Amino acid sequence: MAICTVYSTHSLDSTCSISTPTKTHLGFNQKQVVFFTTGKRMVKRGGGYKITCSADKTVVIGLAADSGCGKSTFMRRLTSVFGGAAEPPKGGNPDSNTLISDTTTVICLDDYHSLDRTGRKEKGVTALDPRANNFGLMYEQVKALKDGIAVEKPIYNHVTGLLDPPETIKPPKILVIEGLHPMFDQRVRDLLDFSLYLDISNEVKFAWKIQRDMAERGHSLESIKASIEARKPDFEAYIDPQRQYADAVIEVLPTQLIPGDNEGKTLRVRLIMREGVKYFSPVYLFDEGSTISWIPCGRKLTCSYPGIKFFYGPETYFGNEVSVLEMDGQFDRLDELIYVESHLSNLSTKFYGEVTQQMLKHSDFPGSNNGTGLFQTIIGLKIRDLYEQILASKAAAPLEASKA
Ligand SMILES: Nc1ncnc2c1ncn2[C@@H]1O[C@H](COP(=O)(O)OP(=O)(O)OP(=O)(O)O)[C@@H](O)[C@H]1O
Ligand SMILES: O=C(CO)[C@H](O)[C@H](O)COP(=O)(O)O
């Protein structure tokens, strides 16, 4: 490691690691102070040397869920927290799965399928099976991006079922890797600064699938049932166990307010937040660490049948201490959410009412009237806070080092 002064997007000195095959290269050596006046990233490849500055490093977020479980919806909420819309890479493959905004780049891990649709059929494996995915490449490329180096990432084309020529991905401020396996491979898992798992119960998954694949894509009820059943063993073997590694889990279950209900319209949603995660402090209701049951319906919150019930308290999840915030039921009037927001703490908002504002802004997104939208919005704000804390700690690091 060497200290260098960097003039780029950062105003503070950054700690840089310099790797060079020879001591002196293109006007600098490891003892010199290096000045850069152009270029956003302190990385040069192809010239035989590489400089990586910690303040330039990408923050990596993992989002795991089965297909059709709300990953895209969550990504839209997260991107919105940072402002600006996410778009596919300009002028690239129209079937690219990547979404880029000013701050975030979201890559879909389906792009690391090593077997295309025909290949999987021939070998008799599903896309959920690790044998159909290239975890070595996933690790190398996520690591490179985290270190500030651009990669040529493959593209899995969901329209044709083929692997298309790769696309260039430049290191963003925040990289989100979303898909079936962000926490499956330990090497990839260790690169994550924060991980989230969307845990949708079978009943609700089925209801959502029917809604989308039957109503919007013209699939038959039988084919939807068959596809869910066919994925189940591999889902249970390879996807579901990733819950244990997640820093936060959003669990979506049928309501308990209507006995025997499994229509999937009214939902009981639990936000399970691991304790002791660096840069992440769980949200709480009223009093941190207490166990609380709260029915907010009445003068300040309009609730039609079956009402709304909140719960908050400590629990154990896969042997880890967690805090759980739960909401069962749905909001009648989204503007009244401010009443609920005012009773929640540690939200990482920048101003009073920011959660409500975000929810109102995207009232047309699925889940906006229930705990799925509320908790996805809260996690989006927590990720912004985590990113800002990591950035601040990196900026402070060289100052600490120089004091030593
Ligand atoms: N919170 C929600 N409440 C109700 N329905 C939802 C919710 N989230 C998602 N859905 C339903 O599930 C469908 C899939 O959502 P979304 O596209 O966000 O999931 P996905 O995980 O990105 O899917 P895929 O991986 O198949 O692209 C939506 O069209 C909607 O019908
Ligand atoms: O689980 C999936 C994505 O999350 C898909 O089933 C997988 O990527 C295979 O895609 P396709 O059905 O387009 O061949």
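Bear in mind that the values here come from a model prediction, so they are computed numbers and not experimental data. When a ligand or atom number is given, it counts from 1 through the structure's own listing order.
Contact residues of ligand 1 (protein heavy atom closer than 4.0 angstrom to a ligand atom; sorted by chain and number): Asp66, Ser67, Gly68, Cys69, Gly70, Lys71, Ser72, Thr73, Trp208, Gln211, Arg212, Pro366, Gly367, Thr372. Residues of the protein with a heavy atom under 4.0 Å from ligand 2 are Ser67, Asp110, His113, Arg117, Arg120, Ala127, Tyr156, His158, Leu180, Arg231, listed by chain and number.
Phe184 and Phe135 have their aromatic ring centers within a separation under 6.0 angstrom.
Remark: side-chain polar atoms of Ser368 are paired, donor with acceptor, to backbone N or O of Phe365 under 3.5 angstrom.
Side chains of Asp332 and Thr302: a donor-acceptor N/O pair is absent below 3.5 angstrom, by distance only. Between the side chains of Asp234 and Thr126, at least one donor N or O sits under 3.5 Å from an acceptor N or O. Counted by atom type alone, Asp95 and His158 present zero donor-acceptor pairs between their side chains at under 3.5 Å. A donor atom on one side chain and an acceptor atom on the other are found under 3.5 Å apart for Ser80 and His362.
Between Asp147 and Lys143 there is a salt bridge, since a side-chain N of the basic residue sits under 4.0 Å from a carboxylate O of the acidic one.
Under the side-chain hydrogen bond (donor to acceptor under 3.5 Å, both in side chains) criterion, Gln244 pairs with no residue, sequence neighbours left out.
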Show me, pair by pair, the donor-acceptor contacts under 3.5 angstrom made by side chains of residues 305-322, not counting sequence neighbours?
from	atom 1	to	atom 2	distance (Å)
Tyr312	OH	Gly289	N	2.9
Glu315	OE1	Arg270	NH2	2.9
Tyr317	OH	Arg243	NH1	3.4

